[in-house]
**Q** 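Starting off with a structure, shown below.
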Amino acid sequence: MNVVGVSACPAGLAHTPMAAKALEKAGKELNWNVKIEQQGMMGPVNAISQKEADAADFVLIASDQKITSMDRFKGKPVIRVDINTCIKAPKAVLKKCAAAIKKEN
Amino acid sequence: MKFSNKDVFLDVNQTSVNSFLKYAAKAAYDAGYTNDIEKLDQSFLAREQEFSTGLEDGFAIPHAKTTAVKKPGFLYFRLSKPLNWKTYDKKPVTDVFALMVPPENAGDKHLQMLANLSTALLEKDFKEKLRSLSSKEMIAQFINEKIGE
């Protein structure tokens with residue numbers, strides 16, 4: 001699976017990098033390609049390029065915040081998940097999202 | 001930003017999350033991070049009310065983003081009595097990192113260190129090693145090594 005996404009939290013301080021790292025680590029364990037852009041206080045970190053967005057099977061938004069540059073993901077299935085759930089159970093989140101995408105197709 | 005043994009507080013005895021946050025704001029004043037204890041406390045509290053910063057394995061990371069913060073940084077508290085904090089795994093909290101930043105111009109280097117600290121808390125090894133250390137000096141040294149400067 002090829003997954004791109006964005007994490008963002010109210011302060012943009014702690015949970016943003018935590019969710020990104022947790023999801024990427026879970027991706028490694030699943031042998032998936034997972035890249036999560038962090039939209040926190042430092043501005044975009046680990047930014048997703050258009051090319052990477054185009055190659056993704058789905059887009060995971062780990063946030064209830066407003067996300068910038070969503071137009072990159074036009075035409076892709078976008079799933080929003082609570083950021084705390086992504087930190088708590090990153091592997092389950094990835095698997096659930098993938099299952100939901102498969103069902104849609 | 002260097003994490004020093006003055007930023008470490010051991011045997012902290014508080015009975016509620018709210019009283020702890022007050023204590024943390026006072027500690028931040030003593031350590032030179034703020035001149036406004038009340039405003040800092042309110043910022044910790046507001047963030048906590050938005051959503052609990054309790055994690056798992058007994059850790060919590062309350063944070064304040066307010067002009068009351070003079071310089072970005074964080075404090076580490078080890079509690080003598082576990083606090084009933086809302087956490088992912090429903091376990092009480094015994095170890096707290098309080099993060100503090102001004103709303104503007106916190107500096108990327110400082111923000112990176114806070115990000116490094118946050119992601120270190122995803123690692124079991126980091127948490128176990130931290131808990132095994134008993135002196136303020138060793139704790140400060142270990143944290144500095146892990147989050148880098």
Side-chain angles (χ1 to χ4, degrees), chain A residues 3 5-30 32 34-48 60-68 80-97, chain B residues 1 40 43-57 59-66 69 72-75 85-91 96-127 147:
Chain A
V3 185
V6 179
S7 66
C9 60
L13 196 59
H15 293 80
T16 297
M18 284 181 91
K21 283 274 144 64
L23 287 166
E24 285 171 356
K25 193 173 156 221
K28 246 184 218 142
E29 285 166 17
L30 291 166
W32 295 6
V34 177
K35 182 175 177 180
I36 308 292
E37 173 177 315
Q38 303 171 30
Q39 292 188 4
M41 261 186 103
M42 279 186 280
V45 171
N46 199 31
I48 308 284
L60 173 55
I61 304 296
S63 183
D64 55 7
Q65 307 284 305
K66 191 167 168 14
I67 302 297
T68 58
R80 270 191 185 259
V81 182
D82 172 69
I83 190 163
N84 284 287
T85 310
C86 291
I87 298 171
K88 186 169 42 175
K91 217 191 255 183
V93 165
L94 287 174
K95 279 189 184 162
K96 256 195 174 160
C97 290
Chain B
M1 173 168 110
L40 186 64
S43 183
F44 279 131
L45 202 60
R47 174 60 186 82
E48 218 55 46
Q49 279 164 354
E50 192 161 6
F51 200 89
S52 170
T53 63
L55 301 173
E56 53 185 6
D57 299 327
F59 279 82
I61 48 164
H63 35 283
K65 187 168 156 182
T66 159
V69 176
F74 63 92
L75 305 171
W85 208 306
K86 192 173 173 244
T87 57
Y88 295 155
D89 58 2
K90 312 261 192 293
K91 282 187 194 154
V96 184
F97 282 101
L99 283 57
M100 299 165 290
V101 288
E104 311 273 340
N105 304 319
D108 279 359
K109 211 168 101 184
H110 297 144
L111 293 172
Q112 188 58 54
M113 285 177 77
L114 294 173
N116 291 349
L117 170 72
S118 309
T119 51
L121 290 173
L122 295 167
E123 298 166 26
K124 275 226 155 23
D125 289 357
F126 175 80
K127 292 183 269 196
I147 66 172

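Residue numbers start from 1 in every chain, and the chains themselves are labelled A, B, ... in the order their sequence lines are given, proteins ahead of strands.
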**Q** Who in residues 82-93 of chain A is close to chain B, using a strict under-4.5 Å heavy-atom cut-off?
**A** A:N84, A:I87, A:K88

**Q** For B:D89, does the CG atom sit with more than 12 other heavy atoms under 6.0 Å from it, leaving out its own atoms?
**A** yes

**Q** Minimum heavy-atom separation for A:M41 to B:P103, with atom names?
**A** CE-O, 3.6 Å

**Q** Is there any residue in residues 8-15 of chain A with a non-hydrogen atom under 4.5 Å from a non-hydrogen atom of chain B, and which ones are they?
**A** A:P10, A:A11, A:L13, A:A14, A:H15

**Q** Quick check: under 4.5 Å, non-hydrogen atoms only, which of residues 59-66 of chain B neighbour chain A?
**A** B:I61, B:H63, B:K65

**Q** Which pairs count as salt bridge (charged side-chain N to carboxylate O under 4.0 Å, His left out) when at least one residue sits in residues 9-26 of chain A, sequence neighbours excluded?
**A** none

**Q** Of B:L111, B:T119, B:L117, which is the lone residue that meets side chain to side chain contact (heavy atoms under 4.5 Å, CB included) with A:P17?
**A** B:T119

**Q** Measure B:F97 against the heavy atoms of chain A and call it side chain, backbone, both or neither at under 4.5 Å.
**A** neither

**Q** Can you tell which part of B:A120 gets under 4.5 Å to a heavy atom of chain A, answering side chain, backbone, both or neither?
**A** neither

